[in-house]
K.L.:
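I'd like to ask you about the structure that follows.
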Number of protein chains: 2
Amino acid sequence: MKAEDQETRGRLLSAGARLFAEHGFAKVTVRDICRKAVANVAAVNYHFGGKVGLYDEVLQAAVRTMQSTTEAAREAGAQQPPEQQLRAYIGVFLHRVVGSGHDSWIHQFMLREMSDPTPALDIVIEQVIKPRMAYLCGIMAELLGCPIDDPRVARCAMSVHVQCLSQMHNPVASRMSPAFERTPETLDAMTDHIARFSLAGIRDIAGP
Amino acid sequence: MKAEDQETRGRLLSAGARLFAEHGFAKVTVRDICRKAVANVAAVNYHFGGKVGLYDEVLQAAVRTMQSTTEAAREAGAQQPPEQQLRAYIGVFLHRVVGSGHDSWIHQFMLREMSDPTPALDIVIEQVIKPRMAYLCGIMAELLGCPIDDPRVARCAMSVHVQCLSQMHNPVASRMSPAFERTPETLDAMTDHIARFSLAGIRDIAGP
DNA sequence: ACTAGATTCAAACAGTTGTTTGATACACTT
DNA sequence: AAGTGTATCAAACAACTGTTTGAATCTAGT
């Protein structure tokens with residue numbers, strides 16, 4: 001293993017990540033990846049044992065980043081009332097989705113894996129989705145003032161979760177109207193909207 | 001044109017619809033379609049001029065059905081206060097999504113076209129999404145008591161819309177937990193939840 | 001019965017896919 | 001300087017893609 005070897009391996013990894021995120025596993029060819037990474041066609045098989053080997057490694061990196069997003073949301077709301085915890089969760093999520101430049105491909109990648117699953121989806125569900133929803137459900141149970149297995153908890157968590165998801169890269173919204181562009185300013189406005197909208201909804205559901 | 005001719009044409013159409021909905025345009029081969037429709041490999045090219053010709057025709061049928069869903073939602077809320085119009089919209093949408101048996105492929109098909117667009121997406125946006133969102137935004141403007149171009153209108157419409165979308169067939173939810181099954185009973189409960197949650201959110205956003 | 005047009009079919013087409021191969025170039029140790 | 005193991009490369013591989021072809025089959029009109 002030499003320094004140059006790791007370089008081509010890394011180039012394949014990042015080229016594959018961007019292409020898989022943009023077009024999905026099936027529509028990206030090994031030749032596309034190698035052309036973008038300036039490597040030979042056989043390089044993917046040599047370094048990763050095949051196309052799915054490269055995909056699995058890209059997915060592992062994406063999973064690690066998303067786990068850190070969940071952790072960041074948790075820390076941002078630590079030792080605060082549940083209302084602030086929810087607001088922190090929404091804010092961290094939205095800013096990571098559109099903000100952090102060189103990680104923006106990850107959320108597009110995950111969204112694609114969820115709508116068009118490969119066998120690797122189970123890993124994502126177990127290691128990312130379930131812990132994240134468990135944290136969100138904990139906040140909901142506090143806000144609703146009811147046990148965590150109350151059916152209202154899961155429903156409110158869903159309502160919050162999908163509003164956050166809707167801010168991800170989405171081919172429809174971008175073609176609908178220029179008013180749906182995601183800039184840092186509209187992002188803060190959207191965080192406020194989702195938090196206020198959802199907190200009012202939760203309070204009403206919690207009531208008599 | 002004879003009766004039997006229309007039969008194979010129709011078989012191709014329905015086989016293509018189901019397969020396109022389940023796996024997407026790229027992952028379905030014309031040989032898959034013809035095998036399912038018990039027709040020769042050349043049948044697709046003969047009757048539809050090619051794979052995309054068949055896809056376009058499937059999409060047109062889906063567009064017509066979705067337009068009728070929008071119309072049904074509009075009629076269900078006609079001459080009622082905006083709160084009831086919103087509830088009717090959510091109810092019609094959810095019942096059509098999971099309810100009507102032999103049309104259930106349509107929503108899966110549309111969801112796939114939206115997350116993994118073909119050139120035909122523009123037709124869907126113009127003829128389905130925009131009219132539907134325009135109707136929903138009208139209700140929002142009434143509920144908020146503000147002009148329709150107020151930024152809060154689009155945001156609230158988004159919040160309602162994505163909660164409805166989340167009830168569509170979704171590979172993640174079905175693998176998460178059996179608690180997310182969509183039966184006629186949970187469907188009514190979900191309609192109530194989304195309507196109550198959203199109306200409270202809208203009222204809060206409309207306030208001072 | 002015969003023709004004309006429409007439909008079906010097996011076979012083959014050219015292009016692309018992921019993967020394999022064997023030779024070559026390279027850096028490092030002995 | 002010879003040897004060793006790793007990495008790259010052009011070329012070829014078999015399998016699969018959508019589409020075309022030309023003959024065979026069928027139906028309807030005269």
Side-chain angles (χ1 to χ4, degrees), chain A residues 1-61 109 112-113 116-121, chain B residues 1-61 109 112-113 116-121:
Chain A
M1 239 195 275
K2 310 175 305 177
E4 199 182 353
D5 302 344
Q6 293 181 337
E7 264 185 30
T8 55
R9 217 190 107 100
R11 284 203 311 275
L12 287 170
L13 217 42
S14 88
R18 281 161 218 272
L19 288 174
F20 283 143
E22 192 169 359
H23 304 110
F25 177 80
K27 285 188 179 171
V28 173
T29 73
V30 177
R31 284 170 174 83
D32 291 335
I33 300 168
C34 292
R35 194 180 314 127
K36 182 157 191 160
V38 204
N40 187 269
V41 210
V44 166
N45 291 277
Y46 179 77
H47 285 285
F48 302 96
K51 190 186 178 183
V52 312
L54 171 57
Y55 187 85
D56 285 345
E57 208 136 330
V58 169
L59 184 122
Q60 274 187 9
F109 178 87
R112 196 164 286 282
E113 175 70 39
D116 193 29
T118 72
L121 176 61
Chain B
M1 236 195 280
K2 312 172 310 177
E4 198 182 354
D5 303 343
Q6 293 181 335
E7 266 187 30
T8 55
R9 217 190 106 100
R11 284 203 310 275
L12 287 170
L13 217 43
S14 87
R18 280 162 219 270
L19 288 174
F20 284 143
E22 192 169 0
H23 303 109
F25 177 79
K27 284 188 180 172
V28 173
T29 74
V30 301
R31 283 172 174 83
D32 290 336
I33 300 168
C34 292
R35 194 179 315 129
K36 183 158 191 161
V38 203
N40 187 268
V41 208
V44 167
N45 291 277
Y46 178 77
H47 285 284
F48 302 96
K51 189 185 176 184
V52 312
L54 171 57
Y55 188 84
D56 286 345
E57 208 135 332
V58 168
L59 184 122
Q60 274 187 9
F109 179 86
R112 196 164 286 282
E113 175 70 39
D116 194 29
T118 73
L121 176 60

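Residue numbering restarts at 1 for every chain, and letters A, B, ... go by the order of the sequence lines.
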K.L.:
Could you give the side-chain donor-acceptor pairs of residues 21-29 of chain A under 3.5 Å, partners two or more places apart or in another chain?
P.N.:
from    : atom 1 : to       : atom 2 : distance (Å)
A:Lys27 : NZ     : B:Asp116 : OD1    : 3.4
A:Lys27 : NZ     : B:Asp116 : OD2    : 3.4
A:Thr29 : OG1    : A:Arg31  : N      : 3.4
A:Thr29 : OG1    : A:Asp32  : N      : 3.0
A:Thr29 : OG1    : A:Asp32  : OD1    : 3.4
A:Thr29 : OG1    : A:Asp32  : OD2    : 3.1

K.L.:
For the residue pair B:Tyr55 and B:Phe109, does the interplanar ring angle fall in the parallel (under 30°), tilted (30 to 60°) or perpendicular (over 60°) class?
P.N.:
tilted
K.L.:
Can you tell me how far P of C:dG18 sits from OH of A:Tyr55, to the nearest Å?
P.N.:
14 Å
K.L.:
Tell me the interatomic distance from A:Tyr46, atom OH, to D:dG5, atom P, rounded to whole angstroms.
P.N.:
13 Å
K.L.:
Write down the distance between CG (A:Leu12) and C1' (D:dA7), rounded to a whole number of angstrom.
P.N.:
12 Å
K.L.:
Kindly say if A:His47 contacts the phosphate of D:dT6, meaning a side-chain N or O under 4.0 Å from OP1 or OP2.
P.N.:
no
K.L.:
Let me have a per-nucleotide readout for nucleotides 11-25 of chain D, 5' to 3', with B, S or -, counting only protein heavy atoms under 4.0 Å.
P.N.:
-B----BBBBB----
K.L.:
With sequence neighbours left out, which residue pairs that include part of residues 36-45 of chain B fulfil the side-chain hydrogen bond (donor to acceptor under 3.5 Å, both in side chains) condition?
P.N.:
none
K.L.:
Of all the heavy-atom pairs spanning B:Arg11 and B:Val38, show the shortest one and how long it is.
P.N.:
NH2-O, 3.5 Å
K.L.:
Could you note down all residue pairs passing salt bridge (charged side-chain N to carboxylate O under 4.0 Å, His left out) where residues 47-57 of chain B supplies at least one of them, sequence neighbours left out?
P.N.:
B:Arg9-B:Glu57
K.L.:
Out of curiosity, A:Phe48 CZ to A:Ile33 CD1, how far, rounded to the nearest 0.5 Å?
P.N.:
9.5 Å
K.L.:
Any side-chain N or O of B:Thr8 less than 4.0 Å from the OP1 or OP2 oxygen of C:dT7?
P.N.:
no
K.L.:
Return the value, rounded to whole Å, for the distance between atom CZ of A:Arg11 and atom C1' of D:dA7.
P.N.:
12 Å
